[in-house]
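None of the values given here were measured: they were computed from a predicted structure.
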Amino acid sequence: MTTNKTATVYVRLKDGVLDPQGVTIQKALSQMGYDDFLSVRTGKFFELEVSGSASDIDRKIDEVCSKLLTNPVIETFEVKK
Amino acid sequence: MKVGVVTFPGSNCDYDAYAAIRHVLGEQVDFLWHKSEDLAGSDLIILPGGFSYGDYLRSGAIARFSPIMKKVVEFADSGGLVMGICNGFQVLTESGLLPGALIRNRSLRFSCKYVNLRVENNATSFTNTCSKGEVLRIPIAHGDGNYYNFDGDIETLEKTGRVVFRYVDANGEPTDISNPNGSINNIAGIVNKEGNVLGMMPHPERAVESILGSGDGLKVFESVRAALPALNLVGEK
């Protein structure tokens with residue numbers, strides 16, 4: 001049975017990969033007086049709408065996450081359905 | 001020598017590469033459209049600088065799935081010479097032809113200036129006309145040139161002579177201040193294990209005549225020309 005499904009993919013930089021944007025934001029917060037924000041890490045998310053059979057959709061979402069949406073050298077992803 | 005320069009939507013250094021090969025080096029060169037699947041009998045494929053697909057998603061991430069890239073990967077796997085400059089380097093890491101990734105410059109700024117590059121390995125098809133330790137003046141122009149890789153992979157690259165170019169100061173020392181983007185170990189260019197695929201962030205095609213500020217970049221193309229006869233003989237065996 002074909003259904004439409006939505007999913008959100010959260011992409012994060014792996015631990016240890018420098019995040020210059022995060023570092024810059026943290027420094028800005030500190031300059032604004034928010035000294036208690038010790039670290040900021042940035043990331044991104046994708047909202048997907050996919051049609052197909054339920055099991056196919058899950059497999060395909062994982063597939064596109066590894067192939068295109070993330071670079072496995074520097075990023076990890078988490079899918080929320 | 002016959003060179004193929006790939007044009008992706010958003011490439012902007014393809015004409016510079018073309019002019020360097022044709023008008024300065026005096027060799028044959030063709031543009032290869034990203035939708036084509038024909039490498040036109042090229043001896044060297046250049047993936048030029050620019051902003052393929054607007055740098056959407058990640059630099060080089062979408063270009064890597066262009067029809068022509070299937071052929072470029074096959075060509076590289078069979079020992080053909082491939083050179084990725086700037087955005088071309090990013091396409092090569094995204095496609096898995098070279099290890100690691102190029103992330104945002106640590107300054108967060110686009111950096112466009114001449115840098116000093118030390119030739120770490122002159123026994124490659126791309127550096128055989130240079131001497132080891134020679135310092136070349138070649139410009140950079142990028143926002144995502146910060147070379148990143150796992151510690152173990154960096155160690156392998158270093159131990160096996162696959163770091164070809166390193167950012168250095170005027171004295172030839174790889175200092176932090178001479179590192180324009182935060183690359184690990186000041187890495188500016190690497191080759192694959194087999195030595196037939198080079199990726200570099202600086203633009204040798206922009207430094208091919210003294211009127212441009214430096215002619216040092218020409219050595220990279222002259223090296224390929226010098227390397228080809230021996231490589232072709234191996235291929236004909």
Problem set entry | A:Glu63 bridged to A:Arg59 by N-O distance under 4.0 Å | yes
For this session: Would you sort out whether B:Arg106 and B:Asn179 count as a side-chain contact (heavy atoms from CB on, under 4.5 Å), showing the intermediate values?
Result: CA-CA 10 Å; B:Arg106 64 180 164 182; B:Asn179 185 339; 3.6 Å; yes
Exercise. What is the ring orientation for B:Tyr18 with B:Phe31, classed by angle as parallel under 30°, tilted 30 to 60°, or perpendicular over 60°?
Worked result: parallel
Exercise. In terms of heavy-atom proximity below 4.5 Å to chain B, should A:Val17 be classed as side chain, backbone, both, or neither?
Worked result: both
For this session: Please name the residue in the list B:Val82, B:Val197, B:Leu44 that meets the side-chain contact (heavy atoms from CB on, under 4.5 Å) test with B:Phe75.
Result: B:Val82
Exercise. Could B:Glu94 and B:Arg58 be called an ion pair, given the rule that one side-chain N must be under 4.0 Å from one carboxylate O?
Worked result: yes
Seminar exercise, completed: Against chain B, residues from residues 29-41 of chain A with at least one heavy atom under 4.5 Å, in numeric order, are none
Problem set entry | side-chain contact (heavy atoms from CB on, under 4.5 Å) evaluation trace for A:Phe45 with A:Val9 | CA-CA 5 Å; A:Phe45 68 90; A:Val9 178; over 6 Å; no
Seminar exercise, completed: If one checks every heavy atom of A:Gln21 against chain B at 4.5 Å, the contacting part turns out to be both
Problem set entry | Contacting moiety of B:Ile103, where chain A heavy atoms sit under 4.5 Å | side chain
Problem set entry | salt_bridge(B:Asp144, B:Arg104) N-O dist < 4.0 Å | yes
Exercise. Does the distance from a Lys or Arg side-chain N to an Asp or Glu carboxylate O, for B:Arg162 and B:Glu194, drop under 4.0 Å?
Worked result: no
For this session: Please flag which part of B:Asp153 lies under 4.5 Å from any non-hydrogen atom of chain A: side chain, backbone, both or neither.
Result: neither
